[in-house]
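The structure appears below as structure tokens.
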Amino acid sequence: MIDIAFFLVFAAVLFVIGMYGLLTSKKGLVTLMCIELMLNAANINFITFASFSGGTAGQVFVIMTIAVAAAEVAVGIALMLNAYKTKGTTEVDKLTSMRW
């Protein structure tokens, strides 16, 4: 059986990769993917603690998190498509105005 520390370190590495990508990327779709990577790292932690403790609460939280992440992706991609249609770019630095 794999130790709990392996899963926690794996989730921490995924979270750090997502945070690094979020802080350094200028493209809108890449930032959305980095946010998804960070949410998946949190999901790995939920599943890890749920499986090692024997409860099902972590799995319920993961299902809810996946549903929220799917909605976030749908709204985020719609915003990026609209920004590309109106501004011609998806770079976050150039999308500073709230009024189009």
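Model, not experiment: these values are computed from the prediction.
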Q. How far does CD of E36 sit from OG1 of T31, to the nearest 0.5 angstrom?
A. 11.0 Å
Q. Going from CG on L8 to CG on D3, what distance comes out if it is rounded to the nearest 0.5 angstrom?
A. 8.5 Å
Q. Is there a path from V13 to M19 through hydrophobic residues (I, L, V, M, F, W, Y) whose side chains come within less than 4.5 Å of each other?
A. no
Q) Closest heavy-atom contact between G58 and A50? A) CA-CB, 3.8 Å
Q.
So, taking the atom named OG1 in T90 and the one named NZ in K26, what distance separates them when rounded to the nearest 0.5 Å?
A. 12.5 Å
(Q) Would you compute the distance between atom CG of L39 and atom CZ of F15 and round it to the nearest 0.5 angstrom? (A) 8.5 Å
**Q.** Under 3.5 Å donor-acceptor, S25 side chain and L22 backbone
**A.** no
Counting only pairs under 3.5 Å, give me each side-chain donor-acceptor contact of residues 41-49, with atom names and distances, residues two or more places apart or in other chains.
{"unit_1": "T48", "atom_1": "OG1", "unit_2": "I44", "atom_2": "O", "d": "2.7"}

Q: Decide yes or no for L32 and V73: does some side-chain heavy atom of the first lie under 4.5 Å from some side-chain heavy atom of the second?
A: no
Q) Nearest 0.5 Å, what's the SG-CD1 distance between C34 and I17? A) 9.5 Å
Q) Are I4 and I2 grouped together when hydrophobic residues (ILVMFWY) are joined by side-chain heavy atoms under 4.5 angstrom apart? A) yes
Q. Any side-chain heavy-atom pair from K87 and K94 closer than 4.5 angstrom?
A. no
Q) Between I77 and M80, is any pair of side-chain heavy atoms under 4.5 Å apart? A) no
Q: Test side chain to side chain contact (heavy atoms under 4.5 Å, CB included) on V30 and M33 and set out the steps.
A: CA-CA 5 Å; V30 175; M33 288 191 302; 4.2 Å; yes
Q.
Other residues, nucleotides and ligands only: do more than 12 of their heavy atoms fall within 6.0 Å of CZ on F52?
A. yes
